[in-house]
Amino acid sequence: MTEKTSLWGGRFAGGPADALARLSVSVQFDWRLAPYDIAGSRAHARVLAAAGLLDPDELGQMLAALDDLEAACASGQFRPTIDDEDVHTALERGLLERLGALGGKLRAGRSRNDQVATDLRLYMRDHARGVAVALVELADALTEQAALNVNTPAPGLTHVQHAQPVSFGHWLLAHVQPLLRDLDRMRDWDTRTAISPLGSGALAGSSLPLDPAAVAKELGFNAPAANSMDAVADRDFVAEFLFITSLIGVHLSRLGEEVVLWTSTEFGWVELDDAFATGSSIMPQKKNADIAELARGKSGRLIGGLVTVLTMLKGLPLTYDRDMQEDKEPVFDAIETLELLLPALAGMVSTMTVRVDRLTAAAPVGYSLATEVADWLVRKGVPFRDAHEITGKLVALCSVRECELEDLTDDDLEKVSEHLDPSVRSVLSVESALAGRTTPGSTGPGPVADQLAQVQHHLDTWRQWAVEKVVPR
Ligand code: ARG
């Protein structure tokens, strides 16, 4: 290659200033779009041939060159250079190197504006499935640990204070439910994103007899865009995707924070496998939950990406503006962050040891059975308001005496309220508290087993969706 390939320049007297070229270049990150750009080129070549703008022989050569270029990109034999402004420029250079002048025919009826919007949709739909696979794997790891701990009691917390006993399996499933919603959001987003911008050209469509519906179909989209101006200006699919990845980040950060607590000396509920924990360079005894902390920390960059794109889009006039080149790095970063983080979290969760003994011991601590007493009084006909008051007095007495509710004497009970009698002790066990939770969605063994079966069923459905191929070769 002797002469530099540029997709514009006819009307310019000289080349761009270095400072402009350095600012403008995006190929160092948008090269990730190359396979999708080539898929779009194949579809576009077929449509040009159907319109009589390429003869069958030219189409054959064009498709062969695109195949060859695709293989060369995949093997690394063809690489972008810093003189290639963006992925589209680099690939046109690759095509010209293979086809000479014929390579210049492919750009007819197409603009980088509809191309980049198409490429990004294809890339994101494809990679959303990779993120979904990794989300399902983390959900699987949590679900497997939950299955082992349906009958492990734990002190459920509100305000990080002991509240009521729960099943630790239920608790772990409470981290799976948000991930199921994330998967649902991803599929919902995917349906809205399955719209093809190709055929919109720079903004106004094309005077050439193109066939946007055929292109859409070939690229696995559900339909071509309804409005060419919207098609090149719209980045809702980017903002929406980054909201989903931000929310995933928030969910992972909450799980991460809990693992940090659970593995602390103060809690001691969970021990991490050595392979998924880190040490300290100075303190030989340390075993740190760095994966959990990185999960907590990386939510920041995921949210940052969403804010970047929303701020970039706000007030942008229709249609394409170069500002929109800033849409891609947050997307790549979000996907690559989750592709790194999710497998590490899944490994950490699936190999962690739940200290059933410590959780069982902690479950009744802090008067977590007080609500059972109040409910017992309610069943005897005492208004809850009074039951709450009476139970509060029992707790106050225990806290003065530094004893547990079951340590109070029959006499103590009678003194606190005429409604109390020794049979109240029957509700003062974690086991009975859990067994009594039988309503759907609650933390008793029955409803938790039902929930577990439901979660496993949903995950099977998501597993199938996540491996569905959307971008045809
Ligand atoms: N590299 C650009 C982007 O990522 C696409 C090219 C459109 N550029 C243009 N000057 N019309 O948004």
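The chain is numbered in sequence order, starting from 1. Note that these values count all heavy atoms, side chains included, but never hydrogens, waters or copies made by symmetry. Counting starts at 1 for both ligands and their atoms, in listed order.
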Identify, for atom 5 (C) of ligand 1, the protein heavy atom at the shortest distance, and state residue, atom and that distance. Tyr320 OH, 3.6 Å
Ion pair present between Glu258 and Arg254, side-chain N to carboxylate O less than 4.0 angstrom? no
Ligand 1 contacted by Lys328 (non-hydrogen, < 4.0 Å): yes
Atom 11 (N) of ligand 1: which protein heavy atom is closest, and how many Å away? Asn113 OD1, 2.9 Å
Counting each atom of ligand 1 from 1 as listed, which ones have a heavy atom of Gln325 under 4.0 Å away? 1 (N), 2 (C), 3 (C), 4 (O), 12 (O)
Quick check on contacts: which atoms of ligand 1 are under 4.0 angstrom from a heavy atom of Val116? 4 (O)
Give a yes or no on whether a salt bridge exists between Arg463 and Asp460, defined as a side-chain N under 4.0 angstrom from a carboxylate O. yes
Test your reading of the model: is there a side-chain donor-acceptor pair from Thr319 to the backbone of Met229, 3.5 Å cut-off? no
Do Arg192 and Asp236 sit within salt-bridge range, that is, some charged N less than 4.0 Å from a carboxylate O? no
Is the side chain of Ser206 donor-acceptor paired with the backbone N or O of Gly199 at a distance under 3.5 Å, no angle test? no
Closer than 4.0 Å to some heavy atom of Ser26 - which atoms of ligand 1 meet that? 1 (N)
of all protein heavy atoms, closest to atom 6 (C) of ligand 1 is Arg112 CB, 3.5 Å
Can any side-chain N or O of Thr263 pair as donor or acceptor with the backbone N or O of Val260 at less than 3.5 Å? yes
